[in-house]
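Structure record follows, encoded as C-alpha cells.
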Amino acid sequence: METATIDRAFLARPGLEVAPDLLGSVLRHTTPEGTVAVRLTEVEAYQGADDPGSHAFRGRTPRNDVMFGPAGHLYVYFTYGMHFCANVVCDVDGTATAVLLRAGEVIEGPALAASRRLSARTAREYARGPARLTSALGLGRPDNGADLCVADSPTQLLPGPPVDGGRVRTGPRVGVSGAGGDGVAFPWRFWLDGEPTVSPYRPHVPKRRK
DNA sequence: AAAACGATACACT
DNA sequence: GTGTATCGTTTTT
C-alpha cells in the first residue's frame, strides 16, 4: 500500500510559492541499506535569474543544469569541499527556481540515519541542517536529477501529516549575503515554529581574509 | 577567493 | 542538557 507522491503540477510554480507549502511534507529515500524518511521543518526558496544568491543567477552550467529542467526533480550539489545539499526543482521547464531543504525530522529509519550521522549527539540532529539532511537520507551525486514524483521510485516526495498554517514562520535566508552586499535581506526562509529540528539561525558573517 | 556548511571544543544552563 | 566561535576542504567562478 503505497502513498501517492506529491503532484508535479503542485511544484510547477515559482519556488517562493512552493516553499511554505512544502513544510511538513516528507522526502523518502530507499537504498539497498534500507529506507530513511524526513518530514521537512525548514526550507529556503531560491529564485533564478533575479536572485543573486541562486546558483542559477549566472546562467545554466553543468552544475546547475537540473535547476533549469522540469519541476519535481532533485538538485543535489557538492559544497564546501565535503557536503551535499538538496533542492526540489520548481517552476516550468526552462525556468530555474528551487527550494533548498534545510532541515527535517527523521520519521522512518532512525537506526539507518544514526549510522550515517555518527557525530549526531541526539536524534534531532540527524537532519538539522541542509548537509546533515542529505547525509541522513544517504543522498549524493548519483541522486542529482532524481525524479521525486514517480510512484515506487527510490526517491520520493510525499504528503506529510497536516500542518497548522499558524506555525509557519518566515525570515532571512541563511549563509547568503544581501543582494551584492546592499544589505537587503531576502525573507525567503520558511520554517515551522517550535520544531526542535530547525537549524539555529546564523547571520551571514564574511569569512576572515587569510 | 568565496561558497546555499558541519565537526569540534569549550562555555553556559 | 544547549549554544557558539573557529576552521577544514574542493568546486566553481
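Within every chain, numbering begins at 1; the chains are lettered A, B, ... in the order of the sequence lines, protein sequences first and strands thereafter. Heavy-atom basis, side chains included; hydrogens, waters and symmetry copies ignored.
Counting non-hydrogen atoms under 4.0 angstrom, A/Arg121 reaches a base of the nucleic acid. Heavy atoms of A/Thr61 sit under 4.0 angstrom from primed sugar atoms or phosphate atoms, though from no base atom.
Taking the six-membered ring for Trp and thresholds of 30 and 60 degrees, A/Tyr75 and A/His55 have ring planes more than 60 degrees apart, a perpendicular arrangement.
Looking only at side-chain heavy atoms (C-beta outward), A/Gln47 and A/Thr97 come within less than 4.5 Å of each other.
Here the C1' atom of nucleotide C/dC7 and the CE atom of A/Met82 are 9 Å apart, to the nearest Å. Atom C1' of nucleotide C/dT12 and atom CZ of A/Arg60 are separated by 18 Å, given to the nearest angstrom. Protein atom CG of A/Asn87 is 17 Å distant from nucleotide atom P of B/dA3, rounded to whole Å. The distance between atom CZ of A/Arg141 and atom C1' of C/dT12, rounded to the nearest whole Å, is 12 Å. Note: CG (A/Asn64) to P (B/dA3) measures 17 Å, nearest angstrom. Between the CZ atom of A/Phe84 and the C1' atom of B/dC5 there is a distance of 13 Å, rounded to whole Å. Separating the CG atom of A/Asp65 from the P atom of C/dT11 is a distance of 19 Å, rounded to the nearest angstrom. Between A/Leu100 atom CG and B/dC5 atom C1' there is a gap of 11 Å when expressed in whole angstrom units.
Between A/Thr79 and the phosphate of B/dC5, there is no side-chain N or O to OP1/OP2 separation shorter than 4.0 Å. For C/dT12, neither phosphate oxygen OP1 nor OP2 lies less than 4.0 angstrom from any side-chain nitrogen or oxygen of A/Arg58. Distances shorter than 4.0 Å separate none of the side-chain N or O atoms of A/Arg117 from OP1 or OP2 on B/dG6. Considering only side-chain N and O atoms, A/His55 lies nowhere under 4.0 angstrom from the phosphate OP1 or OP2 of C/dT12.
A donor-acceptor pair under 3.5 Å is absent between the side-chain atoms of A/Asp51 and the main chain of A/Tyr46, judged by distance alone. Judged by distance alone, with hydrogens and angles left aside, the side-chain atoms of A/Asp164 form a donor-acceptor pair with the main-chain N or O of A/Gly166 at under 3.5 Å.
C/dT9 makes up no base pair with any nucleotide shown, lacking Watson-Crick or G-U wobble contacts both under 3.5 Å. Across all strands shown, B/dA4 remains unpaired; no Watson-Crick or G-U wobble contact has both distances below 3.5 Å.
Nearest to the side-chain atoms of A/Ser54 among the listed nucleotides B/dA4, B/dG6, C/dG8 stands B/dA4. Closest to the side chain of A/Arg124, from the set C/dG3, C/dT11, B/dC5, is C/dG3. Counting only heavy atoms from C-beta on, A/His83 has its side chain closest to B/dC5 among C/dG3, B/dA4, B/dC5. The nucleotide whose nearest atom lies closest to any side-chain atom of A/Cys85 is, among B/dC5, C/dT12, C/dT10, B/dC5.
Taking each heavy atom of A/Ala103 and A/Arg128 in turn, the nearest pair found is CB-CA, 4.2 Å.
Distance check: A/Thr31 OG1 to A/Leu112 CG gives 6.0 Å after rounding to the nearest 0.5 Å.
Residue A/Tyr80 and nucleotide C/dG8 are not classified as a stacked aromatic pair, given the requirement of ring centres less than 5.5 Å apart at an interplanar angle below 30°.
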